[in-house]
Amino acid sequence: MQIFGSDIESLTFAASQVSNDFNLVDINMGCPAPKVVKNGDGSKLLQNLDLVGSIVEEVVKASSTPVTVKIRKGWSKSNDVSVQASKIIEQAGASMITIHGRTRDEFFSGEVDLEAIKKVKESVSIPVIGNGNIVDEESALKMFEYTGVDGIMIGRASMGNPWLFQRIIHYLQTGEKLKEASNKEKLEIMIQHIELEVAKKGERVGIPELRKHLACYIRNLPNASKIRVTINQINSKNQLIEYLKECF
Ligand SMILES: Cc1cc2nc3c(=O)[nH]c(=O)nc-3n(C[C@H](O)[C@H](O)[C@H](O)COP(=O)(O)O)c2cc1C
């Protein structure tokens, strides 16, 4: 369970509540969203490393399960604090660090700084997870080989492509690539995704939330943009499934 904030009392309260039900408590120190950083939370914390240390120390004390931290490289190009922050986080008792190799100013675009991730890995002894722009087998292997990280985290590329994890694991273990998922497999997973979402949230909330995911599943189909427009006008689960069956 990931928590975010900058108020130590709130964070320790949250950690004490959720740590009984989850395997670990992760503190988000990487989110770049304006509504988050304007409160001093997420990646804004990287401009206040004393507070980073205090937060981690107190959350570790309050949590009954290991505490991990997700960071970015820093706030801006002139503020690469990744190594310094990582040492403070380790010293404060965290069990693992995930680093997204971009600054806050870069949001989600541009190169990922593998060199910075490598330096973080070399500067601490707790496990380090590398993150940023891992989209396929090659980029996953490169993250491991270049930086020496203990694990990788994949974000955007897994949307509409949950097969990616299995493909990467297979490639890392055997050096061979699995075949692309067939349209039949894609359709089955999409239907399962729709059923789960609607069972949890109902059609009124679930269907609009599904649209961005469905747009990712269909992005390689020849008529993707036309299909997306139609999907965005459908409000019922059964109609959505029927339409996707036609498309696939
Ligand atoms: C829509 C969106 C929501 C995200 N939400 C979170 C979040 O709640 N917590 C978090 O640690 N990272 C979050 N991230 C960041 C990703 O975990 C990841 O660090 C980032 O997207 C870079 O990895 P990628 O290139 O594999 O996507 C989010 C990213 C996106 C695009």
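For ligands, and for the atoms within them, numbers begin at 1 and follow the listed sequence.
Checking side-chain atoms of R211 against main-chain N and O of R228 turns up no donor-acceptor pair under 3.5 Å. Checked by atom type and distance alone, the side chain of R167 pairs as donor or acceptor with a backbone atom of K179 at under 3.5 Å.
Counting only heavy atoms of the protein, atom 2 (C) of ligand 1 lies nearest to F108 CZ, 4.9 Å. What sits closest to atom 23 (O) of ligand 1 on the protein, heavy atoms only, is N131 ND2, 3.0 Å. Counting protein heavy atoms only, atom 7 (C) of ligand 1 is closest to Q2 OE1, 3.5 Å.
For a threshold of 3.5 Å applied to N or O pairs, the pair formed by K70 and ligand 1 contains at least one separation below that value. Between G155 and ligand 1, at least one N/O pair is under 3.5 Å apart.
Every atom of ligand 1 with a heavy atom of G132 under 4.0 Å away is listed here by number and element: 23 (O), 25 (O). Atoms of ligand 1 found under 4.0 Å from any heavy atom of N133, numbered from 1 in the order shown, are 24 (P), 25 (O), 26 (O). Which parts of ligand 1 touch R156 is read off a 4.0 Å heavy-atom cut-off, strictly below it: atoms 21 (O), 24 (P), 25 (O), 26 (O), 27 (O), 31 (C).
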Self-check item: Steps toward side-chain contact (heavy atoms from CB on, under 4.5 Å) verdict (Y217, K186)
Solution: CA-CA 8 Å; Y217 282 107; K186 284 184 186 166; 5.5 Å; no
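A salt bridge is defined here as a Lys NZ or Arg NE, NH1 or NH2 lying under 4.0 Å from an Asp or Glu carboxylate O, and K87 with E90 fails to meet this definition. Contact check on E138 versus K177 returns a salt bridge, with a Lys/Arg side-chain nitrogen under 4.0 Å from an Asp/Glu carboxylate oxygen. A salt bridge is defined here as a Lys NZ or Arg NE, NH1 or NH2 lying under 4.0 Å from an Asp or Glu carboxylate O, and E195 with K237 meets this definition.
Here the SG atom belonging to C216 is positioned 10.0 Å from the CE atom belonging to M190, to the nearest 0.5 angstrom.
By the definition of a contact as any protein heavy atom under 4.0 Å away, atom 10 (C) of ligand 1 is in contact.
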